[in-house]
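Reviewing the structure listed below.
These numbers come from a predicted model, not from an experiment.
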Amino acid sequence: MKKTFALTHPKLQPARLVDAIKHEIRKYLARERRKAVPADKDYWTFDCRFGASEAEAKPMFTSEINQHIDAAAAQQWPQFYIEILARACNHKPRPDSDTE
């Protein structure tokens with residue numbers, strides 16, 4: 001998902017618009033996580049970027065999406081850009097506790 005969301009709407013209140021945007025992003029993440037993982041991978045991870053525009057977007061963690069959206073709404077940005085790209089990964093092996 002690479003999308004620019006407007007934070008202004010002539011008929012919707014800003015708080016309801018922010019809730020709708022968060023809902024759309026949660027739906028996208030859930031839909032991507034339901035996809036079949038390739039045979040040699042364990043899980044889906046997401047590479048995320050957020051900013052006022054695509055050129056200003058900076059990397060962030062998936063868990064920080066709502067905080068960034070709330071901050072953009074509080075600062076009354078007219079719009080923001082979010083990029084969420086799914087990537088299949090393998091878990092890192094656990095260190096053996098017997099090797100100590």
Side-chain angles (χ1 to χ4, degrees):
M1 168 190 273
K2 295 180 182 180
K3 191 168 182 179
T4 301
F5 287 98
L7 287 174
T8 58
H9 192 275
K11 294 185 178 181
L12 295 178
Q13 295 178 2
R16 298 296 70 81
L17 185 59
V18 167
D19 288 343
I21 292 169
K22 288 178 183 180
H23 179 70
E24 183 177 338
I25 291 172
R26 280 193 300 269
K27 280 186 358 182
Y28 173 77
L29 290 171
R31 186 171 49 246
E32 289 296 312
R33 286 184 178 120
R34 281 194 305 267
K35 289 184 179 178
V37 181
D40 59 336
K41 301 295 181 181
D42 295 334
Y43 69 102
W44 292 108
T45 189
F46 299 94
D47 297 327
C48 303
R49 292 179 35 196
F50 185 91
S53 67
E54 186 174 359
E56 298 173 8
K58 298 198 182 329
M60 67 170 183
F61 293 109
T62 310
S63 60
E64 299 171 341
I65 291 173
N66 286 347
Q67 296 168 354
H68 281 75
I69 293 172
D70 290 337
Q75 296 171 10
Q76 297 181 346
W77 289 6
Q79 64 185 15
F80 67 87
Y81 171 81
I82 189 161
E83 179 178 304
I84 304 171
L85 302 175
R87 177 172 47 96
C89 282
N90 285 322
H91 286 99
K92 294 179 184 176
R94 293 184 180 176
D96 293 331
S97 60
D98 298 336
T99 60
E100 293 178 1

Verdict with supporting geometry, T4 and E54, side chain to side chain contact (heavy atoms under 4.5 Å, CB included): CA-CA 8 Å; T4 301; E54 186 174 359; over 6 Å; no

Enter the distance from [X]:[atom1] to [Y]:[atom2] here, rounded to the nearest 0.5 Å.
X	Y	atom1	atom2	result
C89	F46	SG	CZ	10.5 Å
K35	R33	NZ	CZ	13.0 Å
L29	R34	CG	CZ	11.0 Å
H91	D42	NE2	CG	6.0 Å

I need the minimum non-hydrogen distance between [X] and [Y], along with the two atoms involved.
X	Y	answer
Y81	A57	CD2-CB, 3.8 Å
G51	W77	C-CZ3, 3.8 Å
H9	L17	CB-CD2, 4.1 Å
A6	I21	O-CD1, 3.9 Å
T62	C48	OG1-SG, 3.6 Å

Quick one: are [X] and [Y] in side-chain contact, heavy atoms under 4.5 Å?
X	Y	answer
L85	K2	yes
E56	F80	no
V37	Y43	no
K3	E24	yes
F5	I25	yes

May I ask you to check whether over 12 heavy atoms, not counting those of Q75, lie within 6.0 Å of atom CD? yes

Let me see the working for N90 and K41 under side chain to side chain contact (heavy atoms under 4.5 Å, CB included), right down to the final yes or no. CA-CA 5 Å; N90 285 322; K41 301 295 181 181; 3.9 Å; yes

Any Lys/Arg nitrogen of D19 or K22 sitting under 4.0 Å from an Asp/Glu carboxylate oxygen of the other? no

Test R26 against I65 for side chain to side chain contact (heavy atoms under 4.5 Å, CB included), laying out the working first. CA-CA 10 Å; R26 280 193 300 269; I65 291 173; over 6 Å; no

Check step by step if side chain to side chain contact (heavy atoms under 4.5 Å, CB included) holds for M60 and F50. CA-CA 7 Å; M60 67 170 183; F50 185 91; 3.6 Å; yes

Do L12 and V18 sit in the same hydrophobic cluster, where Ile, Leu, Val, Met, Phe, Trp and Tyr count as joined when their side-chain heavy atoms come under 4.5 Å apart?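 Yes; tracing contacts between hydrophobic side chains, which count when under 4.5 Å, links both residues.
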
